2 protein chains.
Amino acid sequence: MSRNTREDVVQAAGRLFAERGYHGTSMRDLGRELGLLGSSLYSHVAGKQELLVEVVERGAALFQASADAALAVEGSGAVKLRAFVTGHIDVVLGHLDEARTFLNEARSVEADYRRRVLAARDRYETSLRTLLAAGVGDGSFRPDLDPKLGGIFVLSILNALDRWYDESGEVGRSQLGEEIFGFVMQGLT
Amino acid sequence: MSRNTREDVVQAAGRLFAERGYHGTSMRDLGRELGLLGSSLYSHVAGKQELLVEVVERGAALFQASADAALAVEGSGAVKLRAFVTGHIDVVLGHLDEARTFLNEARSVEADYRRRVLAARDRYETSLRTLLAAGVGDGSFRPDLDPKLGGIFVLSILNALDRWYDESGEVGRSQLGEEIFGFVMQGLT
DNA sequence: CCTACCGATCGGTAGG
DNA sequence: CCTACCGATCGGTAGG
């Protein structure tokens with residue numbers, strides 16, 4: 001029953017934003033989640049919007065780190081794509097709240113930070129496009145592949161994961177990775 | 001400058017719910033959109049939640065009608081899948097507000113109607129699974145295809161459309177259909 | 001982290 | 001569809 005830290009507040013905010021959305025979460029809801037009053041949160045953070053920005057940026061950083069690691073993997077475009085896919089899955093399933101908030105609540109980020117969020121998303125997409133284009137060059141993918149459209153299809157499948165995947169279900173995390181990788185490889189080859 | 005009808009109210013609600021989310025839209029916002037006061041809306045509808053339920057159910061009905069039509073198409077599983085894909089695209093692009101509200105705001109539907117919404121989504125997914133299973137039977141798809149997972153992948157790509165597709169861009173609607181159909185066919189075959 | 005608030009806004013109603 | 005409200009809740013602050 002010790003005091004909450006700022007970190008506790010940010011994590012609880014991520015949980016509620018992911019679950020009910022930014023506008024569906026009040027500071028009093030968040031306080032209740034931590035066993036304190038809404039007004040007490042202001043000794044940890046400047047405001048509600050600051051919490052959203054922090055959670056969203058954490059999500060963005062996790063995804064980008066995963067993409068950077070995939071691009072740095074030695075091997076063909078196909079090998080890098082496998083790393084990208086499994087990395088993305090690990091981010092979504094290992095940091096569900098940050099991932100969902102980044103993917104679904106970015107529109108509630110106010111103007112000042114909106115650009116940064118959009119830039120982060122663009123950068124992540126561009127990383128995948130670069131990967132796909134390199135893979136066209138090394139023969140991993142079909143020569144007429146449009147990296148932009150291909151990247152969108154891959155990300156569409158990956159970004160929908162949080163909506164249906166049940167970690168306690170039949171399909172394990174590594175099998176999931178193989179299934180998605182196999183499926184998109186067919187479409188890219 | 002004539003009076004607004006109930007239909008105007010429902011459509012404007014769909015617009016705002018799709019754009020800002022249910023909890024991000026106030027009745028006063030909605031009134032402003034129509035040139036009247038928030039309180040005046042109550043002569044057209046019983047409440048805010050009623051508007052959400054109506055828009056969500058319209059979205060559900062549009063998707064289901066499209067799926068039913070695809071299943072009724074004569075031909076192989078592949079032919080039906082093409083109809084399913086193009087039908088889904090037409091619903092998303094032709095009824096963007098209802099589609100987005102159905103896809104993204106269902107969680108804000110309160111308990112009484114939540115089951116109906118989830119049932120509608122399940123039914124739509126089941127339609128696609130049935131289609132895929134039939135296609136396995138007639139040799140359209142690979143014999144070891146898991147219709148459940150395959151359906152999820154197809155819907156993941158289709159449901160992400162509203163997040164990126166720009167009707168005024170380079171890729172036309174029919175080309176989009178061919179691109180998506182071609183991509184998923186590779187993965188299913 | 002609580003007490004005790006603040007002004008603003010929320011969904012909604014009564015009566016015309 | 002407006003006027004004139006209602007109680008509840010919102011994000012947030014001052015002071016301890």
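All values below come from the heavy atoms of this structure, side chains included, with hydrogens, waters and symmetry mates left out. Within every chain, numbering begins at 1; the chains are lettered A, B, ... in the order of the sequence lines, protein sequences first and strands thereafter. On a predicted model such as this, the values are computed, not experimentally measured, just so you know.
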Checklist entry - What is the distance, rounded to the nearest whole Å, between atom CZ of A:R28 and atom C1' of C:dA4? => result 12 Å
Checklist entry - Base, sugar-phosphate, or nothing for A:L37, non-hydrogen atoms under 4.0 angstrom? => result base
Item to check | Closest nucleotide among C:dC1, C:dC10, D:dC1 to the B:S40 side chain | outcome: D:dC1
Checklist entry - Between the side chain of A:H44 and the main-chain N/O of A:N4, is any donor-acceptor distance below 3.5 Å? => result yes
Checklist entry - For D:dA8, what is the paired nucleotide under Watson-Crick or G-U wobble rules, both distances under 3.5 Å? => result C:dT9
Checklist entry - Which is true for B:G38 with a 4.0 Å heavy-atom rule: it touches a base, it touches only sugar-phosphate, or it touches nothing? => result nothing
Checklist entry - Is B:H44 touching bases, backbone alone, or none of the nucleic acid, heavy atoms closer than 4.0 Å? => result sugar-phosphate
Checklist entry - In chain order, what residues pass the side-chain hydrogen bond (donor to acceptor under 3.5 Å, both in side chains) check against B:S66, with sequence neighbours excluded? => result none
Next on the checklist: Which nucleotide, if any, forms a Watson-Crick or G-U wobble pair with D:dG15, using both distances under 3.5 Å?
Outcome noted: C:dC2
Checklist entry - What residues form a salt bridge (charged side-chain N to carboxylate O under 4.0 Å, His left out) with A:E105, not counting sequence neighbours? => result B:R107
Checklist entry - Contact class for B:S43 (heavy atom, under 4.0 Å): base, sugar-phosphate, or nothing? => result base
Checklist entry - Rounded to the nearest Å, what distance is computed from the NZ atom of residue A:K48 to the C1' atom of nucleotide C:dT9? => result 13 Å
Next on the checklist: In whole Å, I'd like the distance from the CD atom of A:Q49 to the P atom of D:dG11.
Outcome noted: 12 Å
Checklist entry - In whole Å, what is the span from the CZ atom of A:R32 to the P atom of C:dC1? => result 16 Å
Item to check | Interatomic distance, A:L41 CG vs D:dA14 P [rounded to whole Å] | outcome: 17 Å
Item to check | Straight-line distance of B:Y22 OH to B:L51 CG, nearest 0.5 Å | outcome: 8.0 Å
Checklist entry - A:M27 CE to C:dT9 C1': how many Å, rounded? => result 17 Å
Checklist entry - If every non-hydrogen atom of B:A99 is compared with every non-hydrogen atom of B:F63, which pair is closest and at what distance? => result CB-CZ, 3.8 Å
Next on the checklist: With a 4.0 Å cutoff (strictly under), does any side-chain N or O of B:S26 reach OP1 or OP2 of C:dC10?
Outcome noted: yes
Next on the checklist: Please report the distance, rounded to the nearest Å, between NE2 in A:H23 and C1' in C:dC10.
Outcome noted: 14 Å
Checklist entry - Atom OH of B:Y42 and atom P of C:dA14: how far apart are they, to the nearest Å? => result 13 Å
